[in-house]
Protein chains: 2
Amino acid sequence: MRDAEPASKAKRARHGVSTRDRLIAVALKLFTERGPDRVTTAQIADAAGINEGNLYYYFKTKQALVLVIFDRFEAEVDRLLESPRRDSADPAAYATFLREWFEIVWSYRFLYRDFMSLLATAPELRRRIRAISARLRAPVKTLMGHMRAAGLIAISDEELDALLANVWIVSTYWVVYLDVQEGVRALKKAHLEWGIKQVSSLFTPYLTPLAREWLDAQAATT
Amino acid sequence: MRDAEPASKAKRARHGVSTRDRLIAVALKLFTERGPDRVTTAQIADAAGINEGNLYYYFKTKQALVLVIFDRFEAEVDRLLESPRRDSADPAAYATFLREWFEIVWSYRFLYRDFMSLLATAPELRRRIRAISARLRAPVKTLMGHMRAAGLIAISDEELDALLANVWIVSTYWVVYLDVQEGVRALKKAHLEWGIKQVSSLFTPYLTPLAREWLDAQAATT
DNA sequence: GTCTATAATCAGATAGAC
DNA sequence: GTCTATCTGATTATAGAC
């Protein structure tokens, strides 16, 4: 229960949102825009419409604020992992999983982009981000195995391992690539689609005629 | 001539290397280890065996030090691009190109890993890193076109564009992935080979029987 | 819970002697 | 070219009134 609310009832002065939640939201926004090292507690308090001293009432350190945001990231990943569809060999299930993962990566992209800064003040994050990666990778590998067993992809064991690593790299860093190298500041639907298309294209050459038929049918329906 | 030596002869007190070069080497090392924001000028001077004040004789600002390192990165890329082999459709030429690019990316990986910190103090770097990306991408695309024309890969125009982007993402971020997510601190030959294998595996499914024969023959020779 | 001070620290940078 | 000494500014964090 790291992310528990304070015992007393939080005030909901503005927009019906508690000050604490507003601080978290504003911090995430600023961290994403400029990176956590280039955002001061004064700026966060300012953007949240409160005084700097007051911020320290909610978060005793700046690092605590970062950790709470990381907790939320973790919670969203948990929710994704607990959703029931992951045992399916249905390509549509994979597509949904991928889209939701991409939305999470987009929202919390500063965690990957500015990871080194975060490590310096909170070394535990290395372990935690690796744990998340490992937990996410397992169902993806399972799913790829199911796709192969169902005759949707034709691929050797060795190729499958390499593909998995590439899926991992592209699905994590597509957003850093767009941000840093292409200067994309705000996620438009087109960018999300671009990322999904990139990861999908990793699979394309391995698809069997069966899978291609199915995909064509899907495309015709939509 | 951003990277020009001072007019006067530099002393080569230790190891036969000028203080200026020593500072650059030490700064690169520390930036790589901890990220530029977590390294102070005092620490750089210390590691170089000189006084902090003296550092400022060589580099008026910390940012100037970063920019000189970036200049060297740029120069290495230039050297790679000016090497004569890039018009060839010979896969071996591509393999060499890839390996040299990977060594550069490894050496200067902090530029990609800590890009946001750098941007904050030197916004011009966004333009410069994008320019480098664009210049590198052109010959790779040309080369892929040649490979297709020579009947080594079978791929549609659309697939080729997606492949190019994935090649770009993997060949830039494999090193950040190893560093941040796998905790790899020092480049061993095995890691370089791993990165090369990952990028190669992006091409594998598109290779024609002709290319596979050629590769098998190569493998037999080596 | 929120504010007004203000403390404590530390990094980047400069001046001037040697 | 190199050092010692110092300044300046910014930032995290605290104390205590309201």
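In what follows, chains carry the letters A, B, and so on, assigned in the order in which the sequence lines appear, proteins first and then strands, with residues in each chain numbered from 1.
The line from CD1 of A/Ile24 to CZ of A/Phe31 is 11.0 Å long, rounded to the nearest 0.5 Å.
The pair A/Glu76-A/Arg79 meets the salt-bridge criterion, since a charged nitrogen lies less than 4.0 angstrom from a carboxylate oxygen. Salt-bridge check for B/Arg126 with A/Asp179: passed, with a basic side-chain N closer than 4.0 Å to an acidic carboxylate O. Salt bridge A/Arg128/A/Glu124: present, at least one basic N to carboxylate O contact under 4.0 Å.
Sorted by first then second residue, the ring-ring contact (aromatic ring centres under 6.0 Å, His included) pairs that include residues 115-137 of chain A, not counting sequence neighbours, number zero.
Taking atom OH on B/Tyr57 and atom C1' on C/dA13, their separation rounds to 17 Å, with Å as the unit. Spacing between atom CG of B/Asp46 and atom P of C/dG12 amounts to 13 Å, rounded to whole angstrom units. As rounded to whole Å, 5 Å separates atom P of D/dT4 from atom CG of B/Asn51.
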Which letters describe nucleotides 11-18 of chain D, given B = protein heavy atom under 4.0 Å from base, S = only from sugar-phosphate, - = neither?
SBBB----
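In this model, the phosphate group of D/dC3 is approached by a side-chain N or O of B/Asn54 to a distance below 4.0 Å at OP1 or OP2.
Here A/Ser201 pairs with B/Asn166 under the side chain to side chain donor-acceptor pair (under 3.5 Å) rule; sequence neighbours left out.
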